[in-house]
Amino acid sequence: MTRVLLLPRLNELGVMRIIDDVGSEMPTVKEALDILDEHSSFLWFAPSGGSVSAKSAVDIARDIRQIAERHGFPENSDQKSRSAFDTEVTTWLGGQEILSTGEALRDDVWAFLSSALLADVVSWRFPERNRERFQGGVRNAFQRLWIRGVTLDLGPDAADRWQLVHALSEDAMVQIFERASLAGDCKLARAVASAWKVTSERIGRGRMEDVMRAATKMVRLRNEIIDLGELEQSVLTREIEKIFFRVAGVTGDLPTKRPLATVGS
């Protein structure tokens, strides 16, 4: 049984105070925690259900910072390095047992990590510094990556556990994970991701933005008529691939080997 470690939580007012108090510069961890020390009502833990562990949050932040440093933080912030950072953090977060409990479902947990412990990394990754990257939610700098990781994880027994994470473009990720009708069903999200991968191998990645937009519209419409999530994973994957191939104008047989055929729900 997984031990539940309760992580620090930061409310929206706390995020605003940290980001606004420092002006144009991103706060250091010490500066952010000093602000929270002065305004303790912004910071809290769940009242029950596990053991309080601020250290666990610090450890998570330390490892994410080390990944950022491998990809050029704090000096280099080009698109290639940021993309590589996202991919590595996605697979790292997706495999963390400490985040397999309900704590990682809390927006305010990610708000604390992003605003109090990793604000400078968030600013490096998103130089425009939109507040939504610091607040919890699907556009939070790290929460969005955790969601991708746990959804697209094919499991430790898979020959290539993170193949979908490595294959998909950022546009494809956004098309899946910023649409609740797709991201809310792990089986469906994996099937769409697999179809994107297979189709891109046929027609090239350059055409996939338009194909993805048209195909996801068709998938969402089909899901309104038939509950696609009730299909067995391999059947679902093949059905979604047919939609993608039709949109892309691909002729011929579908691949006989699909990476998600043995993945459960």
Side-chain angles (χ1 to χ4, degrees), residues 2 60 63-64 66-68 70-71 79-100 104 125 138 141-179 182-209 211-212 215-216 219 228-229 231-245 247-248 250 252-265:
T2 301
I60 292 170
D63 289 346
I64 291 176
Q66 289 175 351
I67 294 173
R70 287 199 290 273
H71 295 286
Q79 183 176 354
K80 183 178 180 180
S81 61
R82 294 194 297 266
S83 177
F85 167 77
D86 279 359
T87 298
E88 185 172 352
V89 173
T90 296
T91 58
W92 185 84
L93 289 174
Q96 293 303 301
E97 184 177 354
I98 191 176
L99 296 175
S100 64
R125 173 59 185 86
V138 295
F142 308 115
Q143 187 174 358
R144 74 191 224 288
L145 302 181
W146 172 75
I147 293 171
R148 294 175 184 184
V150 297
T151 302
L152 300 181
D153 181 6
L154 300 184
D157 295 330
D160 187 356
R161 180 177 183 177
W162 304 109
Q163 61 177 278
L164 297 179
V165 174
H166 289 289
L168 267 63
S169 67
E170 179 63 20
D171 176 77
M173 291 286 195
V174 169
Q175 291 297 315
I176 295 172
F177 291 101
E178 293 192 7
R179 286 175 167 75
L182 299 180
D185 186 323
C186 288
K187 286 172 61 178
L188 182 55
R190 284 196 293 265
V192 172
S194 176
W196 189 98
K197 177 178 181 293
V198 170
T199 307
S200 69
E201 290 169 352
R202 288 286 189 97
I203 69 172
R205 295 168 67 92
R207 289 182 53 198
M208 286 306 298
E209 285 194 21
V211 170
M212 183 66 165
T216 52
V219 170
L228 295 174
L231 298 177
E232 192 272 330
Q233 183 77 72
S234 61
V235 176
L236 173 60
T237 298
R238 190 171 183 85
E239 288 301 308
I240 303 302
E241 285 174 357
K242 288 179 181 178
I243 292 174
F244 271 75
F245 275 33
V247 170
V250 174
D253 295 333
L254 290 170
T256 57
K257 294 182 179 180
R258 287 172 293 283
L260 303 184
T262 60
V263 176
S265 59

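These numbers come from the heavy atoms of this one structure, side chains and all, not from hydrogens, waters or symmetry mates. Throughout, residue positions are numbered sequentially from 1 according to the sequence presented.
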Using a 4.5 Å cut-off on heavy atoms from C-beta on, say whether the side chain of [Y] contacts that of [X].
{"X": "Ile60", "Y": "Leu99", "result": "yes"}
{"X": "Val138", "Y": "Phe177", "result": "no"}
{"X": "Asp86", "Y": "Glu170", "result": "yes"}
{"X": "Ile64", "Y": "Trp92", "result": "yes"}
{"X": "Trp196", "Y": "Met212", "result": "yes"}
{"X": "Arg202", "Y": "Phe245", "result": "yes"}

Subject >> Polar side-chain atom of Ser83 near backbone of Lys80 as donor-acceptor pair, under 3.5 Å >> reply: no
**OP:** Starting from the C-alpha separation in whole Å, work towards a yes-or-no answer on side-chain contact (heavy atoms from CB on, under 4.5 Å) for Arg161 and Asp153.
**Re:** CA-CA 6 Å; Arg161 180 177 183 177; Asp153 181 6; 2.7 Å; yes
Original post:
Charged N to carboxylate O under 4.0 angstrom, Arg238 versus Glu232?
Top reply: no
Subject >> Verdict with supporting geometry, Leu188 and Leu236, side-chain contact (heavy atoms from CB on, under 4.5 Å) >> reply: CA-CA 7 Å; Leu188 182 55; Leu236 173 60; 4.2 Å; yes
**OP:** Output, in order, the C-alpha distance, side-chain angles, deciding distance and verdict of side-chain contact (heavy atoms from CB on, under 4.5 Å) for Ser169 and Met208.
**Re:** CA-CA 9 Å; Ser169 67; Met208 286 306 298; 6.0 Å; no
Any chance you could measure [X], atom [atom1], to [Y], atom [atom2], to the nearest 0.5 Å?
{"X": "Lys187", "Y": "Ser234", "atom1": "NZ", "atom2": "OG", "answer": "9.5 Å"}
{"X": "Asp171", "Y": "Met173", "atom1": "CG", "atom2": "CE", "answer": "11.5 Å"}
{"X": "Glu88", "Y": "His166", "atom1": "CD", "atom2": "NE2", "answer": "9.0 Å"}
{"X": "Leu154", "Y": "Arg190", "atom1": "CG", "atom2": "CZ", "answer": "7.0 Å"}
{"X": "Thr237", "Y": "Leu228", "atom1": "OG1", "atom2": "CG", "answer": "11.0 Å"}

Shortest non-hydrogen contact from [X] to [Y]?
{"X": "Val247", "Y": "Val211", "result": "CG1-O, 3.9 Å"}
{"X": "Trp162", "Y": "Gly149", "result": "CZ3-O, 3.4 Å"}
{"X": "Leu152", "Y": "Ala193", "result": "CD2-CB, 3.8 Å"}
{"X": "Ser81", "Y": "His71", "result": "CB-O, 3.1 Å"}
{"X": "Ser194", "Y": "Glu241", "result": "OG-OE2, 3.8 Å"}

Subject >> Option among Thr87, Thr91, Thr90, Val89 that satisfies the side chain to side chain contact (heavy atoms under 4.5 Å, CB included) test with Arg148 >> reply: Thr90
**OP:** Would you kindly say whether Arg179 and Gln175 are connected by a side-chain donor-acceptor distance under 3.5 Å?
**Re:** yes
**OP:** Tell me, please, which residues at least two apart from Ala189 pass side chain to side chain contact (heavy atoms under 4.5 Å, CB included).
**Re:** Thr151, Ile176
